[in-house]
Amino acid sequence: MAPLDRLAIHTITTKSWAIETSAAKFAAAGVKGITVWRDTLAGRDIKQTGQLLRDHGLSIVSLCRGGFFPAATAADRAKALDDNRKAIDEAHALGAPLIVLVCGAVPGQPLTESRKQIQDGIAALLPDCQAANVKLAIEPLHPMYADSRSAVNTLGQANDMVEAIHSPYIGVAADVYHLWWDPALETEIARCGKLKALFAYHVCDWRTPTTDLLNDRGLMGEGCIPLRRIRAWAEAAGFKGFNEVEVFSNRLWAMDQDDYLKKIVQAYKDHA
């Protein structure tokens with residue numbers, strides 16, 4: 001059974017809870033870390049919210065999300081950079097050391113061009129990252145999202161960007177939901193370790209059959225992802241951070257969320 005000292009939960013996982021509720025209930029359940037989605041900060045004093053989380057004994061793992069760099073016009077790409085700079089400011093105020101990037105894509109635009117715009121956008125943010133001491137993690141998304149959500153679809157592509165940008169502020173967030181199918185995954189996780197770029201590790205499961213490609217993720221043990229094997233690869237590559245439970249699920253969001261939290265903790269112990 002996995003101990004809870006490396007268990008973190010994303011606020012999106014218990015979507016209906018306000019961040020104050022998440023903080024109290026996660027801590028009471030023995031969860032040690034939290035990744036904060038930006039929507040939960042709306043209307044709040046971000047610095048005070050960060051202190052609230054720490055007062056509950058929670059480590060703030062990251063802020064989610066930045067990204068969406070590609071656009072058809074230079075003006076829209078500039079707007080994207082402005083929003084990412086805002087996210088960096090929010091992470092700094094919250095006390096989050098990392099922002100997870102969902103990198104974006106433009107339907108109909110060649111993926112190679114979108115990837116270039118992503119890499120250029122990330123590189124443009126380096127001075128802001130350094131000033132705020134906030135890192136960025138490129139999260140590759142499953143190829144089913146390559147049309148509009150992300151042109152970065154494999155860990156290899158993310159590692160290529162990390163190598164090209166070559167900054168200690170730029171790394172990768174590896175989400176098993178998006179990467180488990182990749183025959184090069186073990187090799188690319190090892191490469192990520194050599195680059196010292198494995199900044200975050202997200203867990204859930206892939207249900208079979210799945211009913212919704214976005215909002216039907218499973219809890220660990222409900223699907224076909226070899227979770228313990230992938231975690232072993234990550235740890236062999238030197239990863240010592242939190243195992244972050246990130247679940248989008250209409251089915252699980254509809255159940256009693258206190259019961260759901262108990263299921264999360266048990267599934268983590270048994271399968272992560």
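This one's a predicted model, so the numbers in the text were calculated from it and none came from an experiment. Sequential numbering from 1 along the given sequence is applied to the chain's residues.
A donor-acceptor pair under 3.5 Å links the side-chain atoms of Asn159 to the main chain of Glu188, judged by distance alone. Remark: side-chain polar atoms of Asn215 are not paired, donor with acceptor, to backbone N or O of Asn250 under 3.5 angstrom. Arg44 contributes a side-chain N or O that, together with a main-chain N or O of Ala42, makes up a donor-acceptor pair within less than 3.5 Å. Between the side chain of Asp205 and the backbone N or O of Gly223, at least one donor-acceptor pair lies under 3.5 Å. Remark: side-chain polar atoms of Glu113 are not paired, donor with acceptor, to backbone N or O of Pro110 under 3.5 angstrom. With Tyr268 contributing its side chain and Val203 its backbone, the two residues share no donor-acceptor pair below 3.5 Å. A donor-acceptor contact shorter than 3.5 Å is absent between the side chain of Ser150 and the backbone of Ala146. Within the 3.5 Å criterion, the main-chain N or O of Leu141 finds a donor-acceptor partner in the side chain of Asn153. Asp147 contributes no side-chain N or O that, together with a main-chain N or O of Val106, makes up a donor-acceptor pair within less than 3.5 Å. In terms of modelled atom types and a separation under 3.5 Å, the side chain of Ser59 and the main chain of Gly33 share no donor-acceptor contact.
Using a 30° and 60° split on the angle between ring planes, His202 and His10 fall in the perpendicular class, above 60°. Below 30°, between 30° and 60°, or above 60°: for Trp253 and Phe248 the angle between ring planes is above 60°, a perpendicular geometry.
The heavy-atom pair separating Ile225 from Cys204 by the smallest distance is CD1-O, 4.2 Å. Of all heavy-atom pairs between Gln157 and Ala151, the closest is OE1-O, 3.6 Å. The shortest heavy-atom contact between Gln257 and Thr13 is OE1-O, 4.3 Å. Closest approach of Ala8 and Val31 over heavy atoms only: CA-CG1, 4.2 Å. Counting all heavy atoms, side chain and backbone alike, Gly30 lies closest to Leu4 at O-CB, 3.6 Å. Nearest heavy atoms, Ala158 versus Val172: CB-CG2, 3.8 Å.
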Using side chain to side chain contact (heavy atoms under 4.5 Å, CB included), reason through Thr35 and Glu246 one step at a time and then give a plain yes or no. CA-CA 9 Å; Thr35 280; Glu246 183 186 30; over 6 Å; no

Apply side chain to side chain contact (heavy atoms under 4.5 Å, CB included) to residues Leu125 and Tyr169 and explain how you reach the verdict. CA-CA 10 Å; Leu125 295 173; Tyr169 287 93; over 6 Å; no

CA sep, side-chain torsions, deciding dist, call: Trp17, Leu261, side chain to side chain contact (heavy atoms under 4.5 Å, CB included): CA-CA 11 Å; Trp17 280 348; Leu261 179 57; 4.1 Å; yes

Determine, stepwise, if the pair His142 / Trp181 fulfils side chain to side chain contact (heavy atoms under 4.5 Å, CB included). CA-CA 9 Å; His142 193 284; Trp181 57 273; 3.6 Å; yes

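Gln109 and Ser114 are linked by a side-chain donor-acceptor pair at a separation below 3.5 angstrom, with hydrogens and angles left out of the test. There is no side-chain donor-acceptor pair under 3.5 Å between Thr154 and Asp182.
Note that CZ of Phe68 and CD1 of Ile118 are 10.0 Å apart. Values are rounded to the nearest 0.5 Å. The distance from atom CD1 of Ile12 to atom CZ of Arg38, rounded to the nearest 0.5 Å, is 13.5 Å. Between His56 atom NE2 and Gln51 atom CD the span is 11.0 Å, to the nearest 0.5 Å. Taken from NZ in Lys25 to NZ in Lys262, the straight-line distance is 9.5 Å, to the nearest 0.5 Å. Here the straight-line distance linking atom SG of Cys103 with atom OH of Tyr145 works out to 15.0 Å at 0.5 Å rounding. Between the CH2 atom in Trp233 and the CD atom in Glu186 there is a gap of 5.0 Å [rounded to 0.5 Å].
Using a 4.5 Å cut-off between side-chain heavy atoms of Ile, Leu, Val, Met, Phe, Trp and Tyr, with links allowed through other members, Ile19 and Val61 fall into different hydrophobic clusters. Under the 4.5 Å side-chain contact rule for hydrophobic residues, Leu52 and Trp37 do not share a cluster. In the hydrophobic clustering of ILVMFWY residues, with side-chain heavy atoms under 4.5 Å counting as a link, Phe239 and Ile189 come out together. Leu101 and Phe242 fall into different hydrophobic clusters, where Ile, Leu, Val, Met, Phe, Trp and Tyr side chains are chained together by heavy-atom contacts under 4.5 Å. In the hydrophobic cluster analysis, where Ile, Leu, Val, Met, Phe, Trp and Tyr join through side-chain heavy atoms closer than 4.5 angstrom, Trp180 is grouped together with Tyr201.
A side-chain contact (heavy atoms from CB on, under 4.5 Å) with Leu63 is found for exactly one of Leu98, Val134, Leu41, namely Leu41.
Residue pairs satisfying the salt bridge (Lys or Arg N to Asp or Glu O under 4.0 Å) criterion with at least one member in residues 155-167, sequence neighbours excluded, are listed as follows: Asp160-Arg191, Glu163-Arg191.
Ion pairing between a basic and an acidic side chain is recognised when a charged N comes within 4.0 Å of a carboxylate O; Asp82 and Lys79 show no such pairing. With respect to the salt-bridge test (charged N to carboxylate O, under 4.0 angstrom), the residues Glu235 and Arg6 qualify.
Between Leu7 and Ile9 the shortest side-chain heavy-atom distance falls below 4.5 Å.
Other cluster members for Val100: none, since no ILVMFWY side-chain heavy atom sits under 4.5 Å from it.
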